[in-house]
There are 2 protein chains.
Amino acid sequence: MTDTAHRSDPANRSDRGEQTRAAIATAAQELFRERGYDKTTMRAVADRAGVSIGNAYYYFASKEHLVQAFYDQIQVEHAAAAQDALGGTDKFADRLRAVLITWVDVAESFHEFAGKFFKVAAEPTSPLSPFSSESKGAREASIGLFRQVVEGSDLKVPAVIRAELPELLWLLQMGVVLFWVHDSSDGQKRTRALVRQVVPLVDKLVRLSRLPGMRGVVGDITELIRSVRS
Amino acid sequence: MTDTAHRSDPANRSDRGEQTRAAIATAAQELFRERGYDKTTMRAVADRAGVSIGNAYYYFASKEHLVQAFYDQIQVEHAAAAQDALGGTDKFADRLRAVLITWVDVAESFHEFAGKFFKVAAEPTSPLSPFSSESKGAREASIGLFRQVVEGSDLKVPAVIRAELPELLWLLQMGVVLFWVHDSSDGQKRTRALVRQVVPLVDKLVRLSRLPGMRGVVGDITELIRSVRS
DNA sequence: GTCTATAACTAGATAGAC
DNA sequence: GTCTATCTAGTTATAGAC
């Protein structure tokens, strides 16, 4: 493999190329927000970016790939906003709620075309799937956020749980996203209500894991996670 | 409303119309299985059904609507197969496992293009979404199956739980489907392993709900379900 | 080699005649 | 109910400029 000229190698991307790429991505994001995914044509994107369709396809393999820019943006904004929110408290429930609610805040402006976005991400073979190897970076960043939630908290739980909890909380977040996508209430207030209700429950459940009768269950769950991951 | 000629009123569908509709649906199913969703064109479907494209669109509003036939078929086959499997035992865990494994069996032949199928169903606005009002019938049939699992079993649990459990088990089934879609192992054996592992855990958790310390948690969960449903 | 553009292709969907 | 003709938009082929 002497394919040193491959586009994914940053060393070979020229400045001009980067500018064009950025122009296309920006045009796409603007149009997606203005008209939604379906009503945004590749021709319109290329047009606004001041390039030809063919050129747009040189940088983005498909229309779906243009969505990735959003994905990344939410991720980055959420990480920053959550970081702020985590500073205020060491109570586990407060920290968890802060991270989840912060996500809803950040994602709010994307909600209108989130359905299409989600549709794209739901396909297992899509690089946008939260379970895909292409999403590994974003996924691990997100899990890392929940690791912070746990580690900076006052939570006293068995070490096995402490280790597995971040991944479980990330799954919870995926569930919240699923609900959010289907939530047509004003300002996604039903999702916010769900978070406020589910957080104390999770807090209670996690703390209950210390009860003698729960040891077996905890073991089963960690075993389950381990085997699912392989 | 004097729209007595509307197509959705079975009394007004002519025999010929029904035959054409069936021919199109059958052609689509054959082709989906032979080549997958993407490689099956509406032209090919119309062709095999011996009708024009325009005519195909008279009966099915979009290509996605042709997928609905699969959806329904799995539903019906699963209900029948599960019915058989439920006859054998009154143990809750056995009954639950039977219903879940039966689904994996029935769905196996669809797995190859399940990704595309799932993608379509994942869009919140899609009539195929398991949460959509159009899917209400299928959803309730499925929940009914889990009601049978609970009611025909030896399970001794609080009435609140007994009432909410079928819907929760249906959600578990949705989780299994999610895993299954992403499961590329031979014969979906990883999904089968997941089911075999998760069923005893659910069984244990449900029975634990009788413990005094769990009463509060059970109340919280039922409250959560109620508010989410509204 | 990296970029960019034009023309053409494909397939889902619609309009309108019969 | 059924057809043909047409439209639309994602995508690709390919030629050529920098």
Side-chain angles (χ1 to χ4, degrees), chain A residues 1-25 27-28 31-32 35-68 113 116 119-120 123 126-128, chain B residues 3-25 27-28 31-32 35-68 113 116 119-120 123 126-128:
Chain A
M1 284 285 258
T2 50
D3 181 16
T4 52
H6 192 282
R7 229 169 54 245
S8 65
D9 179 352
N12 290 291
R13 290 195 237 170
S14 74
D15 248 24
R16 183 157 65 112
E18 272 312 281
Q19 273 179 329
T20 309
R21 168 186 290 268
I24 296 165
L31 288 166
F32 284 161
R35 333 178 171 169
Y37 182 80
D38 276 352
K39 286 195 193 126
T40 297
T41 67
M42 288 299 283
R43 283 160 179 82
V45 171
D47 228 52
R48 181 168 300 196
V51 300
S52 67
I53 304 176
N55 201 9
Y57 274 98
Y58 178 77
Y59 291 98
F60 296 92
S62 76
K63 187 177 174 183
E64 295 193 355
H65 278 76
L66 284 168
V67 176
Q68 180 88 48
F113 75 103
K116 277 290 156 11
K119 176 183 178 172
V120 169
E123 192 181 19
S126 165
L128 286 175
Chain B
D3 181 15
T4 51
H6 192 282
R7 227 167 57 243
S8 64
D9 177 353
N12 288 291
R13 290 196 236 174
S14 74
D15 248 24
R16 184 157 65 112
E18 270 313 283
Q19 273 180 331
T20 309
R21 169 185 287 269
I24 296 165
L31 286 166
F32 284 160
R35 332 178 173 171
Y37 182 80
D38 276 353
K39 286 196 196 128
T40 298
T41 67
M42 288 300 282
R43 282 159 180 83
V45 171
D47 228 53
R48 181 168 299 196
V51 300
S52 68
I53 304 178
N55 200 10
Y57 275 99
Y58 177 78
Y59 289 98
F60 295 92
S62 75
K63 186 176 174 183
E64 295 193 355
H65 278 76
L66 285 169
V67 176
Q68 181 88 47
F113 76 103
K116 277 291 156 12
K119 175 183 179 172
V120 168
E123 193 181 17
S126 165
L128 286 176

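Every chain is numbered from 1 and lettered A, B, ... according to where its sequence line falls, protein lines coming before strand lines. Predicted model only: the values in this text are computed from it and were never measured.
Between Phe60(B) atom CZ and dG1(D) atom P there is a gap of 13 Å when expressed in whole angstrom units. Atom CD1 in Ile24(A) sits about 11 Å away from atom P in dC3(C), given to the nearest Å. Gln19(A) has its CD atom 15 Å from the C1' atom of dT4(C), to the nearest Å. In this entry the distance linking NZ of Lys63(B) with P of dA13(C) reads 8 Å, nearest Å. When the P atom of dA11(C) is taken as reference, atom OH of Tyr37(B) falls 13 Å away, rounded to whole Å. Nucleotide dG12(C) holds its C1' atom 18 Å from the NZ atom of Lys39(B), rounded to whole Å.
With dT4(C), dG12(C), dG10(D) as the choices, the nucleotide that has an atom nearest any side-chain atom of Met42(A) turns out to be dG10(D). Among the nucleotides dT11(D), dA11(C), dT14(C), the one closest to the side chain of Ile53(A) is dT11(D).
Distances shorter than 4.0 Å separate none of the side-chain N or O atoms of Asn55(B) from OP1 or OP2 on dG1(D). Contact check, Arg16(B) against dT2(D): a side-chain N or O comes under 4.0 Å of OP1 or OP2. Phosphate proximity of dT4(C) to Tyr58(A): absent, as no side-chain N or O sits under 4.0 Å from OP1 or OP2. Here Tyr57(B) does not reach the OP1 or OP2 of dT2(D): none of its side-chain N or O atoms lies under 4.0 Å away. Phosphate proximity of dT4(C) to Thr20(A): present, with a side-chain N or O under 4.0 Å from OP1 or OP2.
When heavy atoms are screened at a 4.0 angstrom cut-off, Ser52(B) is found touching base atoms of the nucleic acid. In this structure, Arg43(A) reaches the bases: a heavy-atom distance under 4.0 Å links it to at least one base atom across the strands shown.
Leu66(B) places a side-chain heavy atom less than 4.5 Å from the side chain of Met42(B).
The NZ atom of Lys39(B) sits 13.0 Å away from the CG atom of Leu31(B) when rounded to the nearest 0.5 Å.
For Thr40(B) against Arg35(B), the heavy-atom pair with the smallest separation is OG1-CB, 4.2 Å.
For the pair Arg21(A) and Tyr58(A), the cation-pi test (distance below 6.0 Å, angle within 45°) is failed.
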Test Tyr37(A) against Glu64(A) for side-chain contact (heavy atoms from CB on, under 4.5 Å), laying out the working first.
-> CA-CA 9 Å; Tyr37(A) 182 80; Glu64(A) 295 193 355; 3.5 Å; yes

